[in-house]
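Presented below is the structure to which this report refers.
Keep in mind the model is a prediction, meaning the values are calculated, not measured. Residue numbers run from 1 in the order of the sequence given.
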Amino acid sequence: MSTEDRPPAPRSLAEALRARGDASLGALLRSRPDLITPVPTDLTQLATRAGTRASVVRALERLDRFALQTAEALAVAADPAAYGELLGLMAGDDADPAVVAALPHALDLLREQALVWGDDDRLRLVRTARELLAPSPQHPSPTGLGPTVQEATAGMSPGRIQEIVTAAGLASTHDSVSAVTALAGLFTDRARMAALLADAPADSLDVLERLVWGPPYGQVTADPAPRLRWLLDRGLLLPTAPGTVVLPREVALHLRRGLAHRAPEPVPPVVETAAVHRPQVVDSAAAGQAYTALATVEELLKDWDEGGPAVLRAGGLSVRDLKRTAVALDVPEPVAAFWVELAYAAGLIASDGEADERYAATPAYDEWLELPAAERWSRLVTAWLAATRTAGLVGGRDAKDRTLSALGPGLDRSAAPEVRHRVLALLAGLPEGAAPAAGSVLARLRWERPLRGDRREDDLRGRLAEWALSEAEQLGVTGRGALSAQGRALLGAPAAPAPGPEAEPSGPGDKLPVHHHHRPTTLTALSPAEQAVASAAAARLLAPLLPEPLDHVLLQADLTAVAPGPLQRPLADMLGVLADVESKGGATVYRFTPGSVRRALDAGQAASDLHAFLAAHSRTPVPQPLAYLIDDVARRHGHLRVGAASAYVRCDDDAVLSEILADKRAAGLGLRRLAPTVLAAQADPAGLLEGLRAMGFAPAAESAEGDVLITRALAHRTPPRTAPEPVPDGPPVPDDTLLAAALRAIRAGDLASTTPRKPGAAPAANGELPRTGAAETLATMQAAVLTGEALWIGYVNAEGAASQRVIAPIRVEGGFVTAYDHTADEVRTYPLHRITGVAELADDAG
């Protein structure tokens, strides 16, 4: 393209945005969704919003390390800067080939983000970004560079400048501006600077070495040492305040061989492989973890079935209740907090909202229980992926030094879903069966988001990544540290890359220290509809790997039953009432005791029912000791009857009542004999039942009519509850429909605000609406109907919102104008009294 044919260089960010196509503008709005909240009226307003401090800070925080280093280099370059100058700052005198190759992409990214605009010969960093990244005494630059010679000598006397110029071997001049320019020219000339420093004392060079990579400021006394005096005389150090000197930027760049950064990082750190397993081993291990996850959540909800722990006044679980839950689940407290938070995020538990507020299962839990195991798992992991509540924070302190409790406030971290997704995406980029080294994953994330991690205490992003790796393993998304097939499907990821020869294990599950030098597959977060499809696919992959529920147990002579795998729900529920769980694992061991058998009888089962149940579900004959235990407890069950007096005990055998009265353990019950077969008690019926059972009796409660009361554990449920909504990390990314509408509105508004007007047609100044009288407005509209010309109008809608529009009038009648609205790209009708004014467009208006 010749110079004459080349489009003029943009003079502002708004002009640069105006020259973009819809695809480029769409990419900007996707990456910076805060720019269309609300939708700007035109591209000038979009450019203004893109330069606000809050928006620029947010955009800088989302840059990778090399793109950020490029922006930092532009902040210390001339304004505007040529591409060659930027390349020199990034690649140095040695022109690092990796930097040379990566810089165009980084620059394109900064342009796409509207942080840089202009052609390659006039690159401009957005002013707000320059203010944030340029060096100053209060805010040193990340580059470690100080001010330029011109900036450092701004307050220096002309005489002192002349002394420096002379000592540096330059020609004397009475013009301070020329003198400073000559000194800067000396410092940027590699050959002349090398000659000047060749004569420097060795200890003076040591001073420069200490300052060269920053911070560039140093302290001096009123009588500097000779090594400092030599540097001060030649301007290699310049005073900025009494007792403070600075290394000029030009001198530092010469000593750095042109580099703005000590270590440019054009290539992201490699995600290293710590171990390699056969894919079948990974999937099986992950499936085992998935089964354990389901069992743990079920056990948690079963423990809270009749009403869980109380809700603290400030919200959440008490430390004591979390400890009790951890003991019940047989896991450490941080792991118990994770399962509690996961069940809450999935909508399976919530507060019941009663006056004595407690946590309990929701109706959604009953629906969840009816699903196949693989679908129950997919519900859990889908909730985990999207949740912003972060269980790893439990036990820590908030900004007001209050302890953060499970299910309590203050646990939301909006970055959590993005970090989880990114960690799994990095795993998806490794060969199948490869488990990463955790440190290399954290290093990669720090490269991708350097500012966010470095500015938050304890590196929140790094902790989120560590928790994501641990939680993915507990959920069965990963197995032995490697992403499983179902985990890959959950992300909507393609097939894993094939491992190279060095990644092949020598045997099943062998671990090899392998390094992979490819970039992991880039995966974007899925929409809710896409995530539902991916979750269903993951469930289909997991289903064949989960054990089939069994319909039988193995009864043993030592009053135990062994379940060699998961049991069908009716069997598991009944066995959970009739026996106590003694141990869990690959096989679950249940123990029958007098108390557990009495529990089944209290629930309404007869001894014959229990014998029939065991005979039907045991692969081994019912052992005689177990049959005897059931018969013995059943024979004694209900022999004593407890009712309400305060409470009473009646028994046909007065000798039993005498035995009770004689027992010292009955003293606290306040018993006295009313009749040979009746005792009255001061204790309530429930306390009396517990007291007699503690003494070894097996009483049964009875109603006012004398019938035995059947006591069943009633499941406590909350009213219908929705799962907690994740706290978004800023405005959501617009979908295609919203994006298309926003682009159309911005383009139309820009057309209305930039279309040329005819001279003398009363155009408004400074973007104000045109103003014309009613008669002139009507006459201009009628004339435009005849000529077919477009007009520029000001319009105020019924809500009082003013806007500019470009219309082509079609018909004017009854106080209304019907026109094709170029701004809205459709035919509309406007009341004439709401049109503030009209102006004709220039003949060459496009």
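- Not one N or O on the side chain of Trp377 forms a donor-acceptor pair closer than 3.5 Å with the backbone of Gly476.
- Tyr795 contributes no side-chain N or O that, together with a main-chain N or O of Pro831, makes up a donor-acceptor pair within less than 3.5 Å.
- A donor-acceptor contact closer than 3.5 angstrom links the side chains of Thr382 and Ser535.
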Can you check side chain to side chain donor-acceptor pair (under 3.5 Å) on Thr390 and Arg463, steps first, answer last? CA-CA 10 Å; Thr390 309; Arg463 289 189 293 153; over 6 Å; no

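- Rounded to the nearest 0.5 angstrom, Leu63 CG and Leu109 CG are separated by 6.0 Å.
- Counting heavy atoms from C-beta on, the side chains of Thr718 and Pro363 come closer than 4.5 Å.
- In this structure, Arg111 pairs ionically with Asp120, as a charged nitrogen and a carboxylate oxygen lie closer than 4.0 Å.
- The backbone N or O of Gly51 lies less than 3.5 Å from a partner atom in the side chain of Thr128, making a donor-acceptor pair.
- The number of heavy-atom neighbours closer than 6.0 Å to CZ of Arg127, taken from other residues, nucleotides and ligands shown, is 12 or below.
- Glu448 pairs by the side chain to side chain donor-acceptor pair (under 3.5 Å) definition with Arg422, Arg444, not counting sequence neighbours.
- Taking the charged nitrogens against the carboxylate oxygens, Arg747 and Asp22 do have a contact shorter than 4.0 Å, which makes a salt bridge.
- Under the 3.5 Å distance criterion, with hydrogens and angles disregarded, a donor-acceptor pair is assigned to the side chains of Arg32 and Ser55.
- Val727 pairs by the side-chain contact (heavy atoms from CB on, under 4.5 Å) definition with Thr388, Asp412, not counting sequence neighbours.
- Counting all heavy atoms, side chain and backbone alike, Leu411 lies closest to Leu407 at CD1-N, 4.1 Å.
- Not one N or O on the side chain of Ser24 forms a donor-acceptor pair closer than 3.5 Å with the backbone of Gly21.
- In this structure, a donor-acceptor pair under 3.5 Å is present between the side chains of Gln474 and Ser470.
- Leu115 is listed as a side-chain neighbour of Leu60, based on a closest heavy-atom distance under 4.5 Å.
- Distance check, rounded to the nearest 0.5 Å: CD1 of Ile746 to CG of Leu29 gives 5.5 Å.
- In this structure, Leu74 CG and Leu89 CG are separated by 8.0 Å, a value rounded to the nearest 0.5 Å.
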Test side chain to side chain contact (heavy atoms under 4.5 Å, CB included) on Leu526 and Val533; report intermediate values, then the result. CA-CA 10 Å; Leu526 303 177; Val533 173; over 6 Å; no

Decide yes or no on side chain to side chain donor-acceptor pair (under 3.5 Å) for Thr143 and Glu72, but give the supporting numbers first. CA-CA 7 Å; Thr143 61; Glu72 292 164 352; over 6 Å; no

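- More than 12 heavy atoms of other residues, nucleotides or ligands lie within 6.0 Å of CZ in Arg834, so this atom counts as buried by the packing criterion.
- At distances below 3.5 Å, at least one donor-acceptor pair connects side-chain atoms of Arg65 with backbone N or O atoms of Arg446.
- No salt bridge links Glu375 with Arg379; every basic N to acidic carboxylate O contact stays at or beyond 4.0 Å.
- Residues Gln486 and Leu490 fail the side-chain proximity criterion, which asks for heavy atoms closer than 4.5 Å.
- Residues Ser405 and Leu317 fail the side-chain proximity criterion, which asks for heavy atoms closer than 4.5 Å.
- Side chain of Gln69 to backbone of Glu265: a donor-acceptor contact under 3.5 angstrom is found.
- Of all heavy-atom pairs spanning Pro266 and Trp447, the tightest one is O-CZ2, 4.1 Å.
- Val99 has its side chain within reach of Phe66: a pair of non-hydrogen atoms, C-beta onward, lies under 4.5 Å apart.
- No hydrogens or angles considered: a donor-acceptor pair under 3.5 Å links the side chains of Ser351 and Glu357.
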Is there a side chain to side chain contact (heavy atoms under 4.5 Å, CB included) between Leu110 and Thr70 once you walk through the steps? CA-CA 9 Å; Leu110 293 174; Thr70 303; 3.7 Å; yes

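- In terms of heavy-atom proximity, Ile835 sits nearest to Tyr830 at CD1-CB, 4.4 Å.
- For Arg30, the side chain to side chain donor-acceptor pair (under 3.5 Å) partners are Asp736, not counting sequence neighbours.
- Two residues are said to be in side-chain contact when any heavy atoms from C-beta on lie closer than 4.5 Å; Tyr359 and Asp352 fail this criterion.
- Closest of all the heavy-atom pairs between Ala67 and Ala106 is CA-CB, 4.2 Å.
- Judged purely by atom type and a 3.5 angstrom limit, Asp119 has no side-chain atom pairing as donor or acceptor with the backbone of Arg122.
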Does the pair Val419 and Trp467 meet the rule for a side chain to side chain contact (heavy atoms under 4.5 Å, CB included), with working shown? CA-CA 10 Å; Val419 172; Trp467 294 331; over 6 Å; no

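- Applying the side chain to side chain donor-acceptor pair (under 3.5 Å) test to every pair with at least one member in residues 339-348, sequence neighbours left out, gives these pairs: Glu341-Arg389.
- The line from CD of Glu112 to CG of Leu107 is 12.0 Å long, rounded to the nearest 0.5 Å.
- With hydrogens and angles ignored, the 3.5 Å screen pairs a side-chain donor or acceptor of Thr478 with a backbone N or O of Glu473.
- For the residue pair Leu491 and Ala425, the shortest heavy atom distance occurs at CD1-N, 3.9 Å.
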When you look at Ser527 and Glu530, which way does the side chain to side chain donor-acceptor pair (under 3.5 Å) test go after all the steps? CA-CA 5 Å; Ser527 68; Glu530 292 170 334; 3.3 Å; yes

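- Rounding to the nearest 0.5 Å places CG of Asp398 at 10.5 Å from CG of Leu393.
- Considering Arg461, Arg62, Arg413 as possible partners of Glu418, the one that fulfils the salt bridge (Lys or Arg N to Asp or Glu O under 4.0 Å) test is Arg461.
- The closest side-chain heavy-atom distance from Leu385 to Pro417 is not below 4.5 Å.
- Note that the CG atom of Leu445 and the CG atom of Leu464 stand 10.0 Å from one another [nearest 0.5 Å].
- Using a 4.5 Å heavy-atom threshold, the side chains of Phe338 and Val394 count as separate.
- Heavy atoms only, all atoms of each residue included: Val271 and Pro436 are closest at CG1-CB, 3.9 Å.
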Full working for side chain to side chain contact (heavy atoms under 4.5 Å, CB included) between Val297 and Trp368: CA-CA 11 Å; Val297 172; Trp368 180 77; 3.8 Å; yes

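- Taking Asp64 as the reference, nothing meets the side chain to side chain donor-acceptor pair (under 3.5 Å) condition, with sequence neighbours excluded.
- Listed by chain and number, the residues in a side-chain contact (heavy atoms from CB on, under 4.5 Å) with Arg130 are Asp79, Leu125, Ala134 (sequence neighbours excluded).
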